[in-house]
Amino acid sequence: MTGTRARRTVVSVGVSAALACVTACTGPGGSDGSGDAAPPAASAGSTAPSASAPPSSRPPAVTGPSADALRAVERATGRAGSARVESTTVMGSELSLDAAGALGWDAGLTGTLTITYTGGTTAETMRRLGTTAMEARYLPDAYYARMGDAFAERLDGRHWIKYVYEDLEELDGGAGDDFAEQMRNTTPHRAVKLLLTAEDVRRVGEETTRGRRTTHWSGTVGGATEQTVDIWVDDRDLLVKKVERGRTKTGEMTQTAYYGDYGVAVSAERPPAADTADFKELLASQGS
């Protein structure tokens with residue numbers, strides 16, 4: 001493999017890892033419910049799908065008792081500060097993955113997830129390079145993806161890729177700015193914010209979810225593509241389950257996530273600098 005081709009492969013995998021990390025913790029719709037998560041551009045001159053206004057900037061469509069109930073969920077889940085998370089995500093033919101770990105959101109996104117690739121073209125690319133699962137560490141200023149030993153051989157033995165949010169914001173096309181904003185503002189109650197912008201929100205009824213009595217809410221969110229959002233809430237107004245469904249350019253997308261153990265202690269250590277490659281530097285090397 002030539003040096004140029006090797007660098008392009010490294011960058012391509014870096015973008016794939018970025019997509020997996022953001023999808024695992026924000027959901028397949030990103031921040032806007034558009035159905036397309038927006039990873040950083042693969043080169044300084046390329047672009048990724050643009051995002052419309054995030055839910056927090058849209059006027060609320062829900063009013064009355066439904067709005068009051070959903071805002072109570074938003075407040076309670078936000079105040080909890082952290083939770084254990086399990087999710088399964090499918091993004092058409094591009095990517096399928098499972099994720100599990102603990103995330104905190106009191107002072108920026110923090111925590112650790114184990115992400116396992118289960119299908120799709122992205123998973124096949126990663127498998128060819130010896131990676132079927134990776135660890136993602138989220139810190140307030142950046143997040144890190146740990147790759148396998150085979151991929152580390154292409155990075156002078158370094159196993160981690162670092163994605164600094166400020167660097168992502170500087171990427172051309174605006175995609176990096178949207179991407180960084182998604183990562184900074186990720187919390188479980190993002191789904192509640194989405195529902196508050198829907199015009200057809202309805203209380204489906206009472207259901208048992210993982211042994212807990214919950215209230216099921218559902219609605220349709222507009223955007224680049226239409227998306228349905230369902231949430232299940234317990235008697236403490238805490239989110240127990242979330243399902244998002246829609247379409248991407250490569251087919252149907254869905255994410256099912258479960259939340260529990262609210263208030264759990266969360267930690268994420270910054271990997272050793274000597275074992276870490278910076279994504280911005282990888283992009284620069286592609287053009288050299």
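Start at 1 with the first residue, then count along the sequence.
- Here the rule is ring pair (Phe, Tyr, Trp, His ring centres under 6.0 Å) with Tyr163, and of Tyr143, Tyr144, Tyr138 only Tyr143 fits it.
- Formation of a donor-acceptor pair under 3.5 Å by the Thr122 side chain with backbone atoms of Glu94 is found in this model.
- For Thr88 (side chain) and Thr256 (main-chain N/O), no donor-acceptor pair under 3.5 Å exists by modelled atom type.
- At distances below 3.5 Å, at least one donor-acceptor pair connects side-chain atoms of Thr248 with backbone N or O atoms of Gly251.
- Both Phe151 and Leu282 belong to a common hydrophobic cluster when Ile, Leu, Val, Met, Phe, Trp and Tyr are linked at side-chain heavy-atom distances under 4.5 angstrom.
- Without hydrogens or angle criteria, Ser82 side chain to Val264 main chain gives a donor-acceptor distance under 3.5 Å.
- Shown are His189, Arg79, Lys193; of these, the side-chain hydrogen bond (donor to acceptor under 3.5 Å, both in side chains) with Glu74 is made only by Lys193.
- In this structure, Asp98 contributes its side chain and Thr116 its backbone to no donor-acceptor pair below 3.5 Å.
- Residues Glu206 and Thr215 have side chains that bring a donor and an acceptor to within less than 3.5 angstrom of each other.
- With hydrogens and angles ignored, the 3.5 Å screen pairs a side-chain donor or acceptor of Thr214 with a backbone N or O of Glu207.
- Remark: of the listed residues Leu195, Val201, Asp200, Val204, Val204 is the sole one forming a side-chain contact (heavy atoms from CB on, under 4.5 Å) with Ser218.
- Atoms CH2 and OH, from Trp232 and Tyr258 in turn, are 7.5 Å apart once rounded to the nearest 0.5 Å.
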**Report entry** Residue pair Glu124, Arg127: steps toward the salt bridge (charged side-chain N to carboxylate O under 4.0 Å, His left out) verdict
**Finding:** CA-CA 5 Å; Glu124 289 304 315; Arg127 285 195 186 100; 2.8 Å; yes

Query - Candidate pair Glu244 and Thr254, rule side-chain hydrogen bond (donor to acceptor under 3.5 Å, both in side chains), full reasoning - result: CA-CA 5 Å; Glu244 295 182 39; Thr254 181; over 6 Å; no

